[in-house]
There are 2 protein chains.
Amino acid sequence: MYFSESEENYIKEIYHIQAVQGTVSTNALAGALGARAASVTEMLKKLQKKKLINYKPYKNFSLTELGNRIALEVVRKHRLWEYFLVHKLGFSWHEVHDIAEEMEHVSSRELIQRLDHYLGSPAFDPHGDPIPDKNGKLKAVKQNRLTDVPLRKWVIVNALKEQGGNMHQLLKHYDIHIGTRLKVNKRFDFDSSLEIKMDKLPPAIISGEVAKNIYCTI
Amino acid sequence: MYFSESEENYIKEIYHIQAVQGTVSTNALAGALGARAASVTEMLKKLQKKKLINYKPYKNFSLTELGNRIALEVVRKHRLWEYFLVHKLGFSWHEVHDIAEEMEHVSSRELIQRLDHYLGSPAFDPHGDPIPDKNGKLKAVKQNRLTDVPLRKWVIVNALKEQGGNMHQLLKHYDIHIGTRLKVNKRFDFDSSLEIKMDKLPPAIISGEVAKNIYCTI
DNA sequence: GAATATTTTTAGGTAAACCTAAATTTTATT
DNA sequence: AATAAAATTTAGGTTTACCTAAAAATATTC
Ligand SMILES: [Mn+2]
Ligand SMILES: [Mn+2]
Ligand SMILES: [Mn+2]
Ligand SMILES: [Mn+2]
């Protein structure tokens, strides 16, 4: 069965929202895709006809088993290409999302099979997100928000979320990247900033803004 | 300036037809693209408005300087991806065209820059066709049709054209590939087959059908 | 050079993916 | 429970890229 680029983007986005919010609404999806609610409604009907989502008018919706499988395939393609861009072409992690957003729609299954093998079947993309394997299985690693981590406990950064701006400059300045070991010494409620401590470096203050996008293993 | 996937395909195809026929007509383009003449006319008007082609109704048309530049960029992307698919992912030369047909439309310039560097700035794609460099320059190597080559003269295969079917099986059977040294002993006008001689192999007969798609340096 | 054939364009449609504005349904508030 | 607010859908457009069938222009043939 053929799915258009738009259909793939919708399915993938439903998958992501479902993963973090548990439930998906027309407006949430419209927001995530930068589209208007009316456009989303139209597409929802199309996706339902293709048996990719469970949808009743005016109600929240969810992916069907099939929809989930397709979503995982697109996510797999996206993350494998991101891995390729960073580890083979030398891009930095914050530059690859938009390119992968296009490459994820190249349709050849054989291509992805071979790409995966060529990259050594990586389990995580450059942002620390798990790459679904051929069967859609994800290596489950808990991503704990740095803002919620217990005080004075050493943790390891395992994921960084891109948020539009150029947060990566800041992270580079602090020398925080995936694999960095650090602990949170204090949390300042006033501006929700944190004092963190990294090996061989004096304690540093980071804003809640940044901390929100840093995840780690406890 | 943005060009859609369709616009890129049209421009590239005009470039190819121009290269072999010298001149491009609505019907020729429609045939090459698998579209109807009416659709082509419509697109021609769009391409003219974008100053990519020189076009007068009912007349043959040609690429403008800008059109040529864009065409070369798409050709460059196509052939670099083909090279990647064969030399990095292990595809065989006859499997890569359709995949590259999709990948050539990924828009990032930086991506192609880096891909080129990663591949070692190759000058020829897996079919033996030259890859335009960043400035659109092509390494000119004369591709002589094996059917036209002088008799009893050793030549080297430098290009193989894919023609839908599975000619590659035949070529593999004869062990003919890019780089193969051979000479044409005889030409049989009756069915336009050729007797060829390769190093360390007894003479063999190949059909005109196949020979037409083999090119070499004299 | 007129008649015929071929090529190309125009006219009029369709489907996908978007949009705005208005109507409808659901949810929240008094 | 009635009303107000918010979310969602429907109605009616637009643009892109296709299509078929008919008309117009160009080329070929007698
Ligand atoms: Mn995408
Ligand atoms: Mn990622
Ligand atoms: Mn293409
Ligand atoms: Mn090629």
Side-chain angles (χ1 to χ4, degrees), chain A residues 1-14 17-18 20-63 67 70-71 74 98 101-102 104-107, chain B residues 1-14 17-18 21-63 67 70-71 74 101-102 104-107:
Chain A
M1 197 173 198
Y2 168 80
F3 302 110
S4 73
E5 189 162 329
S6 269
E7 287 169 335
E8 287 190 348
N9 283 335
Y10 271 80
I11 287 295
K12 182 170 61 115
E13 208 53 54
I14 294 171
I17 297 173
Q18 205 168 253
V20 315
Q21 319 274 350
T23 178
V24 193
S25 70
T26 302
N27 267 354
L29 186 49
L33 288 165
R36 294 319 188 81
S39 310
V40 170
T41 299
E42 203 176 67
M43 180 62 95
L44 291 179
K45 289 192 253 175
K46 213 177 307 179
L47 296 178
Q48 175 174 53
K49 194 147 40 169
K50 289 194 173 190
K51 299 192 182 308
L52 293 165
I53 60 171
N54 305 116
Y55 170 66
K56 300 264 169 184
Y58 294 101
K59 301 295 181 194
N60 288 349
F61 42 89
S62 60
L63 292 175
I70 304 301
V74 181
D98 289 354
E101 200 57 51
E102 291 183 53
E104 71 190 359
H105 305 291
V106 175
S107 62
Chain B
M1 198 174 198
Y2 168 80
F3 302 110
S4 73
E5 189 161 328
S6 269
E7 288 170 335
E8 287 190 348
N9 282 335
Y10 271 79
I11 286 295
K12 181 170 62 115
E13 209 52 54
I14 295 171
I17 296 173
Q18 205 168 252
Q21 320 273 350
T23 178
V24 194
S25 70
T26 303
N27 268 353
L29 186 50
L33 289 166
R36 292 321 187 79
S39 310
V40 170
T41 299
E42 202 176 66
M43 181 62 95
L44 292 180
K45 289 192 252 176
K46 213 177 306 178
L47 296 178
Q48 175 175 53
K49 194 147 40 172
K50 289 195 173 190
K51 298 195 183 304
L52 293 165
I53 60 171
N54 305 114
Y55 169 66
K56 301 265 168 178
Y58 294 103
K59 301 296 182 194
N60 287 349
F61 42 89
S62 61
L63 293 176
I70 304 301
V74 181
E101 201 56 51
E102 291 183 52
E104 72 190 359
H105 304 291
V106 175
S107 62

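Note that this is a predicted model, so its numbers are computed, not measured. We name chains A, B, ... by the order of the sequence lines, and we start the count at 1 in each one. For the numbers below, each heavy atom of this structure counts, side chains included, while hydrogens, waters and symmetry mates do not.
Residue A:S4 places at least one side-chain N or O under 4.0 Å from the OP1 or OP2 atom of C:dA17. In terms of phosphate contacts, B:R36 brings a side-chain nitrogen or oxygen within less than 4.0 Å of OP1 or OP2 of D:dT20. Of the side-chain N and O atoms in B:S6, one or more sit less than 4.0 angstrom from OP1 or OP2 of D:dC18. Between A:K46 and C:dA15, a side-chain N or O to OP1/OP2 separation shorter than 4.0 Å is absent. Residue A:N27 places at least one side-chain N or O closer than 4.0 Å to OP1 or OP2 of D:dT8.
Taking every side-chain heavy atom of B:A38 into account, C:dA11 is the closest of C:dA11, D:dT10, C:dT25. Candidate nucleotides D:dT8, C:dT9, C:dC18 were compared by shortest atom distance to the side chain of A:N60, and D:dT8 ranks first. If you check C:dC19, D:dT8, D:dT20 against the side chain of A:S39, the one that comes closest is C:dC19. Considering only the side chain of A:S25, D:dT8 comes nearest among C:dA17, D:dT8, C:dT20. The listed nucleotides are C:dT20, C:dT10, D:dT9; the one nearest the side chain of A:Y55 is D:dT9.
Remark: P of C:dT26 and NZ of A:K56 are 13 Å apart, rounded to the nearest angstrom. Atom NZ of A:K49 is separated from atom P of C:dA17 by 12 Å (rounded to the nearest Å). Atom OH of A:Y58 and atom P of C:dA23 are 13 Å apart (whole Å). Between the C1' atom of D:dT8 and the CG atom of A:L29 lies a distance of 13 Å, rounded to the nearest Å. The distance between atom CD of B:Q48 and atom C1' of C:dT9, rounded to the nearest whole Å, is 14 Å. To the nearest angstrom, P of C:dA17 lies 9 Å from CG of A:L47. When the P atom of C:dT9 is taken as reference, atom CE of B:M43 falls 14 Å away, rounded to whole Å. At whole-Å resolution of the value, CG in B:L44 and P in C:dT9 are 6 Å apart.
Here A:M43 contributes atom CE and A:Y55 contributes atom OH; the two are 13.0 Å apart, rounded to the nearest 0.5 Å. The CD1 atom of B:I11 sits 6.5 Å away from atom CD1 of B:I53, with the distance rounded to the nearest 0.5 Å. Rounded to the nearest 0.5 angstrom, B:Q21 CD and B:L29 CG are separated by 11.5 Å.
Contacts of B:Y10 with the nucleic acid, taken as non-hydrogen atoms under 4.0 Å apart, involve only primed sugar atoms and P, OP1 or OP2. Using a 4.0 Å heavy-atom cutoff across all strands shown, A:T26 reaches sugar-phosphate atoms only and no base atom.
Residues A:K12 and A:E101 are paired through a salt bridge, judged by an N-O separation under 4.0 Å between the basic side chain and the carboxylate.
Heavy-atom nearest nucleotides on DNA chain C were determined for A:K59 and for A:A35, and the one closer to the 5' end corresponds to A:A35.
Nearest heavy atom pair, residue B:A71 against residue B:L63, reads CB-CD1, 4.0 Å.
Each of A:V74, A:N9, A:L47, A:I70 was compared with A:F3 under the side-chain contact (heavy atoms from CB on, under 4.5 Å) criterion, and only A:I70 meets it.
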